[in-house]
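Reading through the structure tokens given below for one structure.
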Amino acid sequence: MLEKTYDPATLEKEWYQYWENSGCFAPSGKGKPYCIMIPPPNVTGHLHMGHAFQQTLMDILIRYHRMKGYNTLWQVGTDHAGIATQMVVERQLIAENQSRHVIGREAFLDRIWQWKNESGGNITRQLRRIGASVDWSKERFTLDEGLSKAVIEVFVQLHQEGLIYRGKRLVNWDPVLKTAVSDLEVESEDENGSLWYIHYPFPEGSGSVVVATTRPETLFGDVAVAVHPEDPRYRALIGKMLQLPLTDRLIPVIADDSIDPAFGTGCVKITPAHDFNDYAMGARHSLPQLNIMNLDATLNDAVPKAYQGLDRFVARERVIKDLNALKLIEKIEPHILKIPKGDRSGAIIEPLLTDQWFVKVETLAKPALEAVENGNIKFVPDNWSKTYFEWMRNIQDWCISRQLWWGHRIPAWYDDAGNIYVAKDEAEVRIKYKLAATLPLRQDEDVLDTWFSSALWPFSTLGWPENTELLQTFYPTQVLVTGFDIIFFWVARMIMFGLKFTNEMPFETVYIHGLIQDQNGQKMSKTKGNVIDPIDLIDGIDLPALIQKRTYGLMQPQLAKAIEATTSEEFPNGIPAYGTDALRFTYATLATSARFIRFDLKRIEGNRHFCNKLWNAARFVLMNTEGKMGDESTVKSWSTADNWIVSAWQRVKLAVEKHLGEYRFDLAAQALYDFTWNEYCDWYLELTKPVLNSMNENSTAAGARFTLITILEEMLRALHPFMPYITEAIWQKVAPLSGISGKTIMLQPYPESSVECHDLKAEADIEWLKSIILAIRNIRGEMNVPPSKRVPVLFFNGNSEDQTRIKNYSEWLSALAKLESLHWLKPDDTRPPAATALVGDLEILIPLGGLIDKDAEINRLQKEIDKLNKELEKAKQKLSNTNFVENAPKDVVDQEIARQLEFTASLAKLNGRLEEIKNS
RNA sequence: GGGUGUUUAGCUCAGUUGGUAGAGCGUCGCCCUUACAAGGCGAAUGUCGGGGGUUCGAGCCCCUCAACACCCACCA
């Protein structure tokens, strides 16, 4: 027997260990392969709501397919997350008054590896807590030996084919991290700034041209002023020279179509080394690129002495002040502009000319685009493919070098003359390029963008470039489960590299789930202080601990107070423990096709109740079956209820299969929830009670026991992918009673729908029975008749089928509607004053006796009559429309006619009853 | 500027080829009823964002407007 109360904490503890230790997570080696690659979380990270949500969905798919007999692999692993991880450890050093530059590259890397080894287990421990059935024996890390080998292989090959090149380009430079970042790692935000109108005088000594700029400090890098070629104000000036203020340089006026004459003055200063637009224009006009900044965004020695070494924003103030003194500022306008910031550091990005490595993506993008266009790779929901197309059709070369230490070091070597050699390692370089052993070579200092190794994840984890058995079996993988925020960062690049290096799609389907937000629709973030740790939902947490967690280690400590206040308001008692299964089930029900998902504690609370419901239903079943089960052959007869619940269950299984096939976890979960609670518990269990308690020798108790246990056992299997722990715990007790042996539910087959089990007559009978019971309960409820009070019921005016059914099912009627007695009235019997309900033609009377208030019943009837009248009006109106009668399909018209007749008949009866009771 | 979404009950959301508007939570009654008070039974609640169109019929299809959200892009 199960414990009296459902306690997730104790039952979740045992099972994961057991599953893992018995190798249940490893591929079976039998059946069609089914493989999902985990989007590798940052190795030093910790689980957040998004992870837990995503991993739950993957685990549902994995457990479902494993039970369906697939050879299932959920490949697990973590990412080295270059910038993010390096930043964490750098911050630690700073706290110790150290810096990576002081301790040096080697010591710094040692330090990160040490940190990785200490905290790298966090995320995997947490994965276990949510029940993720990943194959731990195959765990990988993007910086491990095998994956590094794959990275080098890819780099060398792409370089050889000319698809990776090195060049001095304008890139997004993060002056705080002192590294280049890709376009995707830059986030632009609107900010209030100014537009400065500056005079650029003619060298002749009088007059000037006024240019408008948001970045006056870059004036030192100006190499031209551009105007629109058709602009009548400036046409005559094209080709003339201007005096660049604060300098002794002269720069030309040039003409370019891209200039908007309506903006500012129609004159634009051109700074090719510090602006992407100007860079392109510079290229068009063969202008020099004049870099005026150092790597930390201070001005370099290309600017006048007075400004050298100043930070760009200090320099700005200085330039404005000096221009003002020279009366060269015409005016200043407030202006809203986009400020580019690094997504990690938050530093304002500076376009800077540096030597970097790039992937030439155009040729890689073409097949990747086609793979989605022709449906070889499907996005679910489908509209995400549009987002993918938009980006891929306008794709720019990818800057892959990072001036960091933590990552895959670029396999390129330089000699003193600056020649570049690319190969697997230095020895190979010397062989490949036939270099003398004595020629000094130094390796490129830079590492690769983290996403470069992530792009190889689907095949590098399986052993590529070796043609391993794993790779042969599980590649291409079946589905990628991820958020839309990394479609460009990751999904697109996996498709490009997958097609390039394996000639196959890395996955068949990309399922894009929504992003979790807090209950107010805000993104969960540390600075907002609204983060919820999924583990705290499982175990619970008290308010002080929650506040401590949310305010600890804030980048902006001044936010702590506000966070404490909102947290206290929102969770005055902390967060109660809900258990893993309730959390997982909640994630499933939240996985609609919506883009953003608001996480509300109410939902998880409801689902903990669902767990409890299931638990108690199982207790009821066990209580009535343990020690009382024969095998199926001893069952003499099946009741209508048995046949009904079996039949209804088939539909549910079918629905679940359909919904999971379409990645509608919400609908699948909903279908199971509804059946479990609203059919199995609310009706079937209640219907078995009179049978199980009956003293009658010929009763169908054996059939009820058998049905109770077999349906429950199947429900557990069907629910297992959603709620692995509770289903396993219950199943252990239930399975033996239903004649099933097995060590664990997770390796049992997933229940399948069977058409032969459909029983339409039983379904119709039980639907009828339900409506009679509901009608009586409605009267009872409306009249406030307490459940303990049994009532007499009179039936009147029904057809022969009603009579048969009432005869057959009177025991159920009495039990579920709490009847004291049950009689048929003949047409000429006198009817006592009574409350009335209708089910089809059948009239149900509950005599007023002392328990029903006459006026209340009059009100109730009148309400009912009003409702019917409205419906009748609608039906009449439709049928009086000749267009409808002539054009609508016959069955729709017939249905409307039937409705009209039914409403009319019902109204006649109810009105009669109303008169009777008024006159009584 | 380009693109993609969202708008349905008090709240959070379903609504699958157009055919009688649903769930959970909350609210309001009556109940400790031998699985479950983490529960049972009953009830109330919607001009499906606005306007137009197609159709016998629109929450669903088309057009348009509005609000909100997100993504991409070089307006100095």
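Every chain is numbered from 1 and lettered A, B, ... according to where its sequence line falls, protein lines coming before strand lines.
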TODO: For B:C25 and B:C68, measure between their P atoms and round to the nearest Å.
DONE: 33 Å
- [ ] Classify the nucleic acid contact of A:Arg598 as base, sugar-phosphate or nothing, counting any heavy atom under 4.0 Å across all strands shown.
- [x] sugar-phosphate
Task: With sequence neighbours excluded, residues passing salt bridge (Lys or Arg N to Asp or Glu O under 4.0 Å) with A:Arg790 - done: none
Task: Under the salt bridge (Lys or Arg N to Asp or Glu O under 4.0 Å) test, residues paired with A:Glu713 that sit two or more places apart - done: A:Arg717
Task: Qualifying residues under salt bridge (Lys or Arg N to Asp or Glu O under 4.0 Å), relative to A:Arg598, sequence neighbours excluded - done: none
- [ ] Select base, sugar-phosphate, or nothing to describe what A:Lys602 touches, counting heavy atoms under 4.0 Å on all strands.
- [x] sugar-phosphate
TODO: Could you check whether A:Gln396 gets within reach of a base, just the sugar-phosphate, or nothing at all, counting any heavy atom under 4.0 Å?
DONE: nothing
TODO: Could you check whether A:Asp260 gets within reach of a base, just the sugar-phosphate, or nothing at all, counting any heavy atom under 4.0 Å?
DONE: base
Open item on the list: Say we look at B:G51 and B:A67: how far apart would their C1' atoms be, to the nearest angstrom?
Closed with: 15 Å
Open item on the list: Centre-to-centre under 6.0 Å for A:Tyr673 and A:Trp677, is that the case here?
Closed with: yes
- [ ] Check every strand shown and say whether A:Lys269 touches a base, only sugar-phosphate, or nothing at a heavy-atom separation below 4.0 Å.
- [x] nothing
Open item on the list: Does A:His335 reach a base, just sugar-phosphate, or nothing at all? Heavy atoms under 4.0 Å.
Closed with: sugar-phosphate
Open item on the list: Going 5' to 3' along RNA chain B, which are the first and last nucleotides with any atom under 4.0 Å from a heavy atom of chain A?
Closed with: B:G3 to B:A76
- [ ] Under 4.0 Å between any heavy atoms, over every strand shown, what does A:Leu685 touch: base, sugar-phosphate, or nothing? Just pick one.
- [x] base
TODO: Report which part of the nucleic acid A:Cys681 touches: base, sugar-phosphate, or nothing (heavy-atom distance under 4.0 Å, all strands).
DONE: base
Open item on the list: So, using ring pair (Phe, Tyr, Trp, His ring centres under 6.0 Å) as the criterion, who are the partners of A:Phe620 when residues are at least two apart?
Closed with: none
- [ ] Evaluate the side-chain proximity of A:Pro690 to A:Trp812: yes if any heavy-atom separation is below 4.5 Å, no if none is.
- [x] yes
Open item on the list: Let's see if you get this right: which residues in residues 660-674 of chain A place a heavy atom under 4.0 Å from RNA chain B?
Closed with: A:Arg664, A:Leu667, A:Gln670
Could you tabulate the donor-acceptor pairs under 3.5 Å formed by side-chain atoms of residues 578-592 of chain A, not counting sequence neighbours?
unit_1, atom_1, unit_2, atom_2, d
A:Thr580, OG1, A:Glu12, OE1, 2.9
A:Thr580, OG1, A:Arg129, O, 3.1
A:Asp581, OD1, A:Tyr725, N, 3.1
A:Asp581, OD2, A:Ile726, N, 2.7
A:Arg584, NE, A:Phe722, O, 3.1
A:Arg584, NH1, A:Asp59, OD2, 2.7
A:Arg584, NH1, A:Ile130, O, 2.8
A:Arg584, NH2, A:Asp59, OD2, 2.9
A:Arg584, NH2, A:Pro721, O, 2.7
A:Thr586, OG1, A:Ala582, O, 2.6
A:Thr586, OG1, A:Asn607, ND2, 2.9
A:Thr589, OG1, A:Thr586, O, 2.8
A:Thr592, OG1, A:Ala594, N, 3.1

- [ ] Report which part of the nucleic acid A:Phe276 touches: base, sugar-phosphate, or nothing (heavy-atom distance under 4.0 Å, all strands).
- [x] nothing
Task: Contacts of type salt bridge (Lys or Arg N to Asp or Glu O under 4.0 Å), residue A:Glu605, not counting sequence neighbours - done: none
Open item on the list: Can you check the distance between B:G19 and B:G26, where both ends of the measurement are the C1' atom (answer in whole Å)?
Closed with: 33 Å
- [ ] Using a 4.0 Å heavy-atom cut-off across all strands, classify A:Tyr279 as base, sugar-phosphate, or nothing.
- [x] nothing
TODO: Among residues two or more places apart or on two chains, list those pairs meeting salt bridge (charged side-chain N to carboxylate O under 4.0 Å, His left out) that have a residue in residues 257-285 of chain A.
DONE: A:Asp222-A:Lys269, A:Asp256-A:Arg284
TODO: Tell me what A:Pro786 touches on the nucleic acid: a base, only sugar-phosphate, or nothing, going by heavy atoms under 4.0 Å.
DONE: sugar-phosphate
Open item on the list: Within the 4.0 Å heavy-atom criterion, would you say A:Lys338 contacts the bases, only the backbone, or no part of the nucleic acid?
Closed with: base
Open item on the list: Counting the atoms with a prime plus P, OP1 and OP2 as sugar-phosphate, which does A:Trp196 contact under 4.0 Å by heavy atoms, base, sugar-phosphate, or nothing?
Closed with: nothing
Task: A:Lys789: partners by side-chain hydrogen bond (donor to acceptor under 3.5 Å, both in side chains), with sequence neighbours left out - done: none
TODO: Could you tell me which residues satisfy side-chain contact (heavy atoms from CB on, under 4.5 Å) with A:Ser385, sequence neighbours excluded, listed by chain and number?
DONE: A:Val372, A:Phe379, A:Asp382, A:Phe389
TODO: Please list every stem that involves RNA chain B, where a stem is a run of 3 or more consecutive Watson-Crick or G-U wobble pairs with both pairing distances under 3.5 Å.
DONE: B:1-7 with B:66-72, B:10-13 with B:22-25, B:27-31 with B:39-43, B:49-53 with B:61-65
